[in-house]
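Heavy-atom basis, side chains included; hydrogens, waters and symmetry copies ignored. What you are looking at is a predicted structure, and each value in this text was computed from that prediction instead of being measured. Proteins get letters first, then strands, A, B, ... in listed order; numbering begins at 1 in each.
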Amino acid sequence: MRFAPSPTGSPHIGNIRTALFTWLFARKHGGVFILRIEDTDRARYVEGSVQEIMDSLRWLGLDWDEGPYFQSQRLPLYREVAEKLVKTGHAYRCYCTPERLEELRRQQEAAKQPTGYDRRCRYLSDEQRAKIEAEGAPYVIRFAMPLEGETVFHDQIRGEIRFENALIDDFVMLKSDGFPTYHLASVTDDHHMGITHVIRGEEWISSTPRHVQMYLALGWEMPKFAHLPMILGTDRKKLSKRHGSVQFVEYIQQGYLPEAMFNFLALLGWSADEDRELYSREELIERFDLSGVQENPAIFDGQKLLWMNGVYIRRKPIEELTQLCLPYLQQARLMPPDPTPQQIEYAQRVIALEAERMKLLSEVVPLTEYFFRDTLEYEEKGVRKWFTQPYVAQMLEMLIERYTTLEPFDLEHIEATTRAVADELGVGAAQVIHPTRVAVSGRTVGPGLFEMIEVMGKERVLQRLRAALEMIRQGAKD
RNA sequence: GGCCCCAUCGUCUAGUGGACUAGGACACCUGGUUCUCAGCCAGGAGAUCGGGGGUUCGAAUCCCCCUGGGGCUACCA
């Protein structure tokens, strides 16, 4: 099995999903998973994309057994195969210029004819050929497709697919710059690398008859083909830039967990016959089967992925989750680059309180900000609703006074003390809890108040209560 | 235009001739838990299986046509 991406840009969800399915299949059947970089188009090569591909695979835990191989380093092999086909009459040199080809296509389009090479050079006589060769004209090597009959192959997912040979033109195998096209390179490598199952995207179906004919011409054993359904954007169009983040690395940055992404991607276009959606990596390997692969394209909708990520975040042991969140906190300057054990301990307790609200690791910043900052930003709505209550100033004074002497400053005592204040004030507990939350966090939503106060610690809480009291008194004067 | 692939709730999907008053999940709505949110629990709404013909005692499941969507149609992959 192999995953053979082309380094023409940052890998997207679809590319990685193909890698995942291939990997799953290889692991399930004890096969060898090979990474092969199809860098045969020098013009479209994007610097750094190979690294991104490898980083993405590693991040997801898709380890490869061999490679990466680079097709650009195997040029002589492809030429050898192409020449062999020329010798056996299955291929020929074509000297047509790009200009002629373009003109030909224009005419065909104008005449509403199917476009394609007219095979002119296929029928050149030896003398004509020798003459052109003598001039040193550049050439490509084209495969000579059978002129009649049809090519039939059995797709592991879709069953039998057939194409009429006459409709397939003599495609280029070797370009004039000496590089192979995809067709030549992949067939050659798949054969030499002992690939038994070619698993790739649906967009390759129409190229498969060419590959089949090459195998036949070369006398090579045919691998099995499996064409995965495509992944479309919410507008049912092929995934592209305007669909938001389609680049895989962006998901990594936003704080998706590899476990969640793995699980989600495995279920995009594949399913086991059971009412379940949460699977571990091992369970997926155990269950994966080409027969469970969907034939119709799937629309990529991030909502379910987001939900699943939340599930996996909540399942994470808190120590691990804290380590995962740390980089985000540091980037936001909420934590220093080299935190002390005490600071990590504090962050961990904070994260434990907010974890169930987190769907992305990056959300740790907006979610926990107020635990770390010296000065709070108050939510306008909360201030208006709660700081205007007549009893609030008195309430804050009482809380400050009692918290100051409260020992130990723990959950149980904080709760008892706070509720006692409500009783004395003759109001419901909620009437105290809500304004206090605003005073202490600046917000109207968040974790349970008493837990929050306990984690913040006495000093920080007192300071915030005083600040709130000051603010209310100022407001009263105006 | 030509060739090819595909078609079940908004989305991911289960379903391979009778167990289907079409199941699950996300999202959505309601109720419960509770100091808010989230979480959790319970419930609800949501698909005449794209349309039309067949085959059959019986079709989401098989066949044909139509429609729709997608892919390919490069010296790109």
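A/Thr40 comes within contact range of the sugar-phosphate backbone alone, with a heavy-atom separation under 4.0 Å but no base atom that close. Contacts of A/Glu451 with the nucleic acid, taken as non-hydrogen atoms under 4.0 Å apart, include base atoms. Residue contacts for A/Phe163: at a heavy-atom cut-off of 4.0 Å it reaches the sugar-phosphate backbone alone, with no base atom in range. As judged by a 4.0 angstrom heavy-atom cut-off over every strand, A/Thr444 is placed among the base-contacting residues. At a threshold of 4.0 angstrom between heavy atoms, the contacts of A/Gly201 with the nucleic acid are absent. Here A/Ile299 lies in heavy-atom contact (under 4.0 Å) with sugar-phosphate atoms only. Note on A/Ile161: only backbone sugar-phosphate atoms sit closer than 4.0 angstrom, heavy atoms only; bases stay farther off. Residue contacts shown for A/Val140 include a base, since a base heavy atom lies under 4.0 Å away.
Across B/U36, B/C5, B/C26, the shortest atom-to-atom separation from the side chain of A/Val445 is found for B/U36. Minimum atom distance to the side chain of A/Leu167 is reached by B/C3, of the listed B/C3, B/C12, B/C35. Among the nucleotides B/A38, B/C6, B/G70, the one closest to the side chain of A/Lys359 is B/A38. With distances taken from any side-chain atom of A/Thr181 to the nucleotides B/C35, B/G24, B/A77, the minimum falls on B/A77. Closest approach to the A/Ile433 side chain among B/C35, B/C12, B/A77 is made by B/C35 (side chain taken as heavy atoms from C-beta onward). The A/Ile205 side chain lies nearest to B/C4 when the options are B/C4, B/U73, B/C72. Considering only side-chain atoms of A/Asp273, the nucleotide from B/C76, B/A14, B/G24 that sits closest is B/A14. In this structure, of B/G39, B/C12, B/A77, it is B/A77 that holds the atom nearest to the side chain of A/Tyr182. Comparing B/C35, B/C6, B/A77 by their nearest atom to the side chain of A/Arg437 picks out B/C35. Of the candidate nucleotides B/C26, B/G70, B/C37, B/C37 has the atom lying nearest to any side-chain atom of A/Arg357.
Across the P atoms, B/U30 and B/C37 are found 12 Å apart, a figure rounded to whole Å. The separation of B/C20 from B/A38, taken at their C1' atoms, amounts to 37 Å, rounded to a whole angstrom. For the P atoms, the distance linking B/U13 with B/G18 amounts to 24 Å, nearest Å. For B/C4 and B/G39, the C1' atoms lie 48 Å apart once the distance is rounded to whole Å. B/A19 sits 26 Å from B/C12 when the C1' atoms are compared, rounded to a whole Å.
In this structure, A/Arg17 contributes its side chain and A/Leu268 its backbone to a donor-acceptor pair below 3.5 Å.
Checking each of A/Phe248, A/Phe262, A/Phe264, A/Tyr251 against A/Tyr256 for a side chain to side chain contact (heavy atoms under 4.5 Å, CB included) leaves exactly one that passes, namely A/Tyr251.
Under 4.0 angstrom from either OP1 or OP2 of B/A38 there lies no side-chain N or O belonging to A/Arg314. The side chain of A/Gln108 contributes no N or O atom lying less than 4.0 Å from OP1 or OP2 of B/G2. Phosphate proximity of B/U8 to A/Asn296: present, with a side-chain N or O under 4.0 Å from OP1 or OP2. Side-chain nitrogen and oxygen atoms of A/Arg419 include at least one within less than 4.0 Å of the OP1 or OP2 phosphate oxygen of B/C35. In this model, the phosphate group of B/C76 is not approached by any side-chain N or O of A/Ser6 to a distance below 4.0 Å at OP1 or OP2. Contact between the side-chain N/O atoms of A/Arg142 and the OP1/OP2 oxygens of B/C75 is found at a separation under 4.0 Å. The phosphate of B/C76 has neither OP1 nor OP2 within less than 4.0 Å of any side-chain N or O from A/Ser207. In this structure, A/Lys385 does not reach the B/U36 phosphate: none of its side-chain N or O atoms is under 4.0 Å from OP1 or OP2.
Comment: A/Glu160 engages A/Arg162 in a salt bridge, judged by a side-chain N to carboxylate O separation of less than 4.0 angstrom. Taking 4.0 Å as the cut-off between side-chain N and carboxylate O, A/Glu80 and A/Arg74 do not count as a salt-bridged pair. Residues A/Arg443 and A/Glu377 are not paired through a salt bridge, judged by the lack of any N-O separation under 4.0 Å between the basic side chain and the carboxylate. Checked for salt-bridge contact, A/Arg402 and A/Glu424 meet the test: a charged N lies under 4.0 Å from a carboxylate O.
One can find a donor-acceptor pair under 3.5 Å joining the base of B/C75 and the side-chain atoms of A/Ser176. Put simply, the side chain of A/Arg44 and the base of B/C76 share a donor and an acceptor less than 3.5 Å apart.
In this structure, A/Phe288 has its ring center under 6.0 Å from that of A/Trp270.
Comparing A/Arg17 and A/Asp169, the nucleotide of RNA chain B nearest to each residue sits closer to the 5' end for A/Arg17.
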